[in-house]
**Student:** 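Please find one structure pasted underneath; my questions will follow.
Chain naming here is simple, since letters A, B, ... match the order of the sequence lines and numbering starts at 1 in each.
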There are 2 protein chains.
Amino acid sequence: MPAKSVSTPPFSAALRAVGLKATVARGRVLEVLHAALQPASHGEIEARLAAAASPLDRVTLYRVLDSLVTAGLALKAVDARGVFRFSAAQTGVAHQRHAHFRCEDCGGVFCLDAPPPAAPSLPDGFRLHGAELDLHGTCARCGDAGGGHPA
Amino acid sequence: MPAKSVSTPPFSAALRAVGLKATVARGRVLEVLHAALQPASHGEIEARLAAAASPLDRVTLYRVLDSLVTAGLALKAVDARGVFRFSAAQTGVAHQRHAHFRCEDCGGVFCLDAPPPAAPSLPDGFRLHGAELDLHGTCARCGDAGGGHPA
DNA sequence: CGAATAAACGCAACACAGTTGCATTCCATG
DNA sequence: CATGGAATGCAACTGTGTTGCGTTTATTCG
Ligand SMILES: [Mn+2]
Ligand SMILES: [Mn+2]
Ligand SMILES: [Zn+2]
Ligand SMILES: [Zn+2]
């Protein structure tokens, strides 16, 4: 058996592909994000890591999430309570090129196949960095049952 | 001169019309909300009240804002940073009919005269509550000088 | 492989937004 | 006016996210 090295963290290739160091913390967080059914808050991710016997320091988790978002491997959105929620970015999907639907109840972000909106002209001195069509309401899951937030 | 009573708080009629006690605190907050050019955060409202020589306790302001929102006299929304912003609910004026520009530096929100985006079709079970064209970048003031946040 | 280096990690302390409990004050009603 | 219930102010608290700094670890290179 080749037993290649001692252990390679999951998602090492994806991490290095975007210029990030392939650390165990980032691998575990990406695992949690990919296994999640809904966008997860910092606290939820922290709890799932602890439940999986790989607890992570609070601050480290904040920094890991920030690095993943900056690198484009995760999405960050604020839910109706003002709490940030994170989800795995689909590999290969450029998130500037389509609209997103945001569930006001669970904070979930769903990619839609809609064309990018045409940017209107701005007042003098304003510089445009991006434009997104922000659709919001309730997603199928939250509309179904009486609602309530994910674990 | 009739000098009617000692002083009637502003917006007394509007407050009583929605079943709220007409208190000075609520009147002053409504004044600030109506004078505001953009949705204001709790801290901004607090500062403007203090600047107008009618400071209000932090907690009281939270409760006043909550009562105004519940009664329908104010609107509450969370901005991209996860901070709640409040605005006067202008009777009749539809605030959803235009696009907004959000300054990534100072957090300011500016109303633009842009046509409402056409909503695309959604997956099954999704319910649309609203759609906004979210433009972001740097505003004229933050682009000018080296930046910095508003007071 | 082993050393060097820069990034990432863990811990403590901090900052900011929002909430809760309770005693005091004030608006509305009669 | 008197009165009762709602609103206010103050203190303490919680939740979420940030900063500083010493230690550890992933990567590079000899
Ligand atoms: Mn997307
Ligand atoms: Mn507007
Ligand atoms: Zn939902
Ligand atoms: Zn600005």
Side-chain angles (χ1 to χ4, degrees), chain A residues 4-30 39-47 49-50 54-71 73 76-86 107 149, chain B residues 5-30 39-47 49-50 54-71 73 76-86 107 149-150:
Chain A
K4 61 162 184 183
S5 343
V6 184
S7 69
T8 306
F11 293 96
S12 294
L15 286 165
R16 283 190 269 259
V18 294
L20 289 181
K21 275 189 172 179
T23 68
V24 267
R26 286 183 180 140
R28 297 261 186 248
V29 172
L30 275 179
S41 68
H42 170 278
E44 289 167 7
I45 298 169
E46 189 184 11
L49 289 168
S54 53
L56 197 57
D57 179 74
R58 261 171 43 79
V59 177
T60 300
L61 177 53
Y62 275 115
R63 294 199 264 234
V64 162
L65 288 169
D66 185 57
S67 72
L68 295 179
V69 169
T70 300
L73 294 178
K76 178 183 185 178
V78 67
D79 71 11
R81 286 185 180 74
V83 177
F84 292 118
R85 289 183 173 270
F86 301 86
H149 285 248
Chain B
S5 28
V6 184
S7 68
T8 304
F11 293 97
S12 295
L15 285 165
R16 283 190 270 259
V18 294
L20 290 181
K21 276 190 174 179
T23 68
V24 265
R26 285 181 182 143
R28 297 259 186 249
V29 172
L30 275 180
S41 67
H42 172 278
E44 289 168 6
I45 298 169
E46 188 184 13
L49 289 169
S54 52
L56 197 57
D57 179 75
R58 261 171 42 81
V59 177
T60 300
L61 177 54
Y62 274 115
R63 296 199 265 232
V64 162
L65 288 168
D66 185 57
S67 71
L68 295 178
V69 168
T70 300
L73 294 178
K76 178 182 185 179
V78 66
D79 71 11
R81 290 188 169 80
V83 177
F84 292 118
R85 289 186 173 269
F86 302 86
H149 287 245

**Student:** Nearest whole Å is fine: how far is dA8(C) P from Leu68(A) CG?
**Tutor:**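 In whole Å, dA8(C) P and Leu68(A) CG are 11 Å from each other.
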
**Student:** For Gly82(B) and Leu20(B), find the nucleotide of DNA chain C closest to each by heavy atoms; which residue's nucleotide sits nearer the 5' end?
**Tutor:**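 Its nucleotide being nearer the 5' end, the pick is Gly82(B).
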
**Student:** Rounded to whole angstroms, how far apart are CG on Asp57(B) and C1' on dC26(C)?
**Tutor:**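 Asp57(B) atom CG is separated from dC26(C) atom C1' by 15 Å.
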
**Student:** Measure the distance from CZ on Phe84(B) to P on dG17(D) and round it to the nearest whole Å.
**Tutor:**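 Answer to the nearest Å: 12 Å.
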
**Student:** Could you tell me which non-hydrogen atom of Pro10(A) sits nearest to which non-hydrogen atom of Leu15(A), and how far apart they are?
**Tutor:**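 Scanning both residues completely, I find the closest heavy atoms to be O-CD1, 4.4 Å.
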
**Student:** Considering all heavy atoms of both residues, which atom of His42(B) and which atom of Arg58(B) are nearest to each other, and what is their separation?
**Tutor:**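 So the two residues come closest at NE2-O, 3.2 Å.
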
**Student:** So does Arg63(A) get a side-chain nitrogen or oxygen closer than 4.0 Å to the phosphate oxygens (OP1/OP2) of dC9(C)?
**Tutor:**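 Looking at the OP1 and OP2 atoms of dC9(C), neither is under 4.0 Å from any side-chain N or O of Arg63(A).
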
**Student:** What closest approach, in Å, do Gly82(B) and Val78(A) show between heavy atoms, and which atom pair accounts for it?
**Tutor:**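 Closest heavy-atom pair between Gly82(B) and Val78(A): CA-CG2, 3.6 Å.
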
**Student:** Please state how far atom CZ in Arg81(A) lies from atom C1' in dC16(C), giving the value in whole angstrom units.
**Tutor:**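 Checked: the CZ to C1' distance equals 20 Å.
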
**Student:** Which nucleotide, dT27(D), dC27(C), dC11(C), lies nearest any side-chain atom of Val24(B)?
**Tutor:**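 Selected nucleotide: dC27(C).
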
**Student:** Distance check: side-chain N/O of Thr23(B) vs OP1/OP2 of dT8(D), anything under 4.0 Å?
**Tutor:**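 For dT8(D), OP1/OP2 do have a side-chain N/O of Thr23(B) under 4.0 Å.
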
**Student:** In whole Å, what is the span from the NE2 atom of His42(B) to the C1' atom of dC16(C)?
**Tutor:**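 In whole Å, dC16(C) C1' and His42(B) NE2 are 12 Å from each other.
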
**Student:** Between Lys21(B) and Ala25(B), which residue's closest nucleotide on DNA chain D lies nearer the 5′ terminus?
**Tutor:**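 Looking at the nearest nucleotide for each, Lys21(B) comes out on the 5' side.
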
**Student:** Expressed as a whole number of angstroms, how long is the span from Tyr62(B):OH to dG21(C):C1'?
**Tutor:**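 Going from OH in Tyr62(B) over to C1' in dG21(C) covers 18 Å.
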
**Student:** Measure the shortest side-chain to side-chain distance between Leu68(A) and Leu20(A) over non-hydrogen atoms and say whether it is less than 4.5 angstrom.
**Tutor:**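 They are in side-chain contact.
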
**Student:** Separation of Asp66(A) atom CG from dT16(D) atom P, in whole Å?
**Tutor:**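 Taking atom P of dT16(D) as the reference, CG of Asp66(A) is at 18 Å.
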
**Student:** Does OP1 or OP2 of dG9(D) have a side-chain N or O of Arg58(B) closer than 4.0 Å?
**Tutor:**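 For dG9(D), OP1/OP2 do not have a side-chain N/O of Arg58(B) under 4.0 Å.
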
**Student:** Closer than 4.0 Å, any side-chain N/O of Arg16(A) to the OP1 or OP2 of dT27(D)?
**Tutor:**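 Affirmative; the distance criterion is met.
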
**Student:** Of the non-hydrogen atoms in Asp57(B) and Val59(B), which two are nearest, and what is the gap between them?
**Tutor:**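 Result for this residue pair: OD2-N, 3.0 Å.
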
**Student:** Could you give the CG-to-P distance, from Leu65(A) to dT18(D), as a whole number of Å?
**Tutor:**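 Interatomic distance, CG of Leu65(A) to P of dT18(D): 11 Å.
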
